[in-house]
K.L.:
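What follows is a single structure, and I will ask about it in a moment.
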Amino acid sequence: MFVLLWSSAFIVGAIGVDAAPPLLLTFARFALAGLLLGAFALAVRAPWPRGRRLGHVMVAGLLFQALQFGALYTALSMGLPAAVVALVQGLNPVLIALLAGRFLGERVSVRQWLGFGLGTLGVILAVADPGRLSVPALVLAVLGLLGLSVGTVYQKRYVHDVDLRTGTAVQFLVSAPFIGLASLLFETPHVSAWGPFVGTLGWMVLVNSIGVFTLLNLMLRQSSASRVGTLFFLTPAATAILAWLLLDQALRPAALAGIVIGGIGVLLANRR
């Protein structure tokens, strides 16, 4: 479920950035998701983080949310294909494993490293399309990857046991002003197509924001960061399949091979 829902973000993101500037779209996503989840947390009287823990939640949110999605949606708006953006983010497990070994003391076995290698190969086979790469957009995609990977490890180390409802709400609410200011400084905020904008925004808020990040934080609470990270090996292939089904993009034989190889890599990486 996590892989499919996470992968859908690239599809709706590609549609959304045609309807509005990427940072405006990201700001609207964070603001609405934060208000909805925050109101729900208040209604059920969920405990809110305070003091130093609140600071850690805010830092994790700026990495997880503001840096990751601000960079990724901007890369999509610059013409980088959704599958290529997913390719870059699919390298997240390797980066998480390196960071987790250094900062969390998580040991990575030879079998897991073999899984990482196969997963990386599967990612490249699944969606690589060198002819359509834009260097500035690719740099932004890498920045988004860094936000995701560093944010995952930071979350696991400092705030893995914070209440999911209030912690996620704080992450959205602290990210919204930063992205909103960036939109005012670097964009001309406007909506060119309200139908696609409202539709993609609704999916982003309810599914890609509240649903997916609740799942991600729950998995980080129950398992190691490196094992959770291996799921991202499957997102590029899943994105390619969704793009084939929903956007009528061709599914190449190499993509099918990448799906199989990436799946084997995930199985190996999740075994000790």
Side-chain angles (χ1 to χ4, degrees), residues 1-30 32-33 64-65 67-92 122-129 131-134 137-138 140-145 147-148 172 179 191-216 231-252 254-256 258-259 262-263 266:
M1 182 185 296
F2 174 79
V3 170
L4 288 175
L5 296 182
W6 187 277
S7 300
S8 72
F10 300 106
I11 306 300
V12 297
I15 298 172
V17 296
D18 285 335
L23 296 179
L24 175 63
L25 181 67
T26 309
F27 165 75
R29 167 183 173 170
F30 291 162
L32 286 177
F64 249 153
Q65 309 293 345
L67 179 57
Q68 180 190 180
F69 289 103
L72 290 184
Y73 288 155
T74 303
L76 287 171
S77 72
M78 295 173 66
L80 196 65
V84 177
V85 177
L87 162 64
V88 175
Q89 203 170 72
L91 300 177
N92 179 48
V123 164
I124 294 172
L125 286 174
V127 296
D129 189 359
R132 301 182 63 186
L133 294 183
S134 162
L138 189 59
L140 285 171
V142 171
L143 285 176
L145 167 65
L148 171 62
F172 291 140
I179 295 297
V191 176
S192 59
W194 280 99
F197 177 78
V198 172
T200 56
L201 183 61
W203 183 271
M204 288 177 176
V205 169
L206 298 177
V207 177
N208 296 141
S209 296
I210 297 176
V212 167
F213 275 92
T214 299
L215 282 175
L216 179 58
L231 290 173
F232 287 92
F233 276 140
L234 297 178
T235 59
T239 301
I241 293 175
L242 289 175
W244 172 57
L245 292 173
L246 302 176
L247 302 180
D248 199 27
Q249 297 180 1
L251 186 60
R252 300 173 296 109
L256 295 175
I259 293 170
V266 170

K.L.:
Please identify each residue that fulfils side-chain contact (heavy atoms from CB on, under 4.5 Å) with Val191, with sequence neighbours left out.
P.N.:
Ala20, Leu24, Trp194, Phe197

K.L.:
Rounded at 0.5 Å granularity, tell me how far OH in Tyr73 sits from CG in Leu140.
P.N.:
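Taking OH in Tyr73 and CG in Leu140, the distance rounds to 14.5 Å.
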
K.L.:
Which heavy atom of Thr74 sits nearest to which heavy atom of Ser77, and what is that distance?
P.N.:
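It is O-OG, 2.6 Å.
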
K.L.:
Can you name the nearest heavy-atom pair linking Trp6 to Phe69, along with the distance?
P.N.:
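That closest heavy-atom pairing would be CH2-CZ, 4.4 Å.
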
K.L.:
Please report the closest heavy-atom contact between Leu76 and Phe10, naming both atoms and the distance.
P.N.:
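Shortest heavy-atom separation between Leu76 and Phe10 comes out as CD1-O, 4.3 Å.
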
K.L.:
Looking at residues at least two apart in the chain, or sitting in another chain, which of them share a side-chain contact (heavy atoms from CB on, under 4.5 Å) with Thr200?
P.N.:
Val12, Ile15, Leu25

K.L.:
Would you name the heavy atoms of Gln65 and Phe30 that are closest together and state the gap between them?
P.N.:
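Heavy atoms only, the tightest pair is O-CZ, 3.3 Å.
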
K.L.:
Check residues 204-211 and write down every donor-acceptor pair under 3.5 Å in which the side-chain atom is one partner and the other belongs to a residue at least two apart or another chain.
P.N.:
residue, atom, partner, partner atom, Å
Asn208, ND2, Leu5, O, 2.9
Asn208, ND2, Ser8, OG, 3.2
Ser209, OG, Arg29, NE, 2.6
Ser209, OG, Arg29, NH2, 3.4
Ser209, OG, Met204, O, 2.8

K.L.:
What is the distance from atom CD of Gln68 to atom CG of Leu143, rounded to the nearest 0.5 Å?
P.N.:
11.5 Å

K.L.:
Report the distance from atom CG of Leu67 to atom CG of Leu145, rounding to the nearest 0.5 Å.
P.N.:
10.0 Å

K.L.:
Which pair of heavy atoms, one from Ala141 and one from Ala75, lies closest together, and at what distance?
P.N.:
N-CB, 4.2 Å

K.L.:
Could you work out, with side-chain contact (heavy atoms from CB on, under 4.5 Å) as the rule, every residue matching Phe27, not counting sequence neighbours?
P.N.:
Ala31, Ala176, Ile179

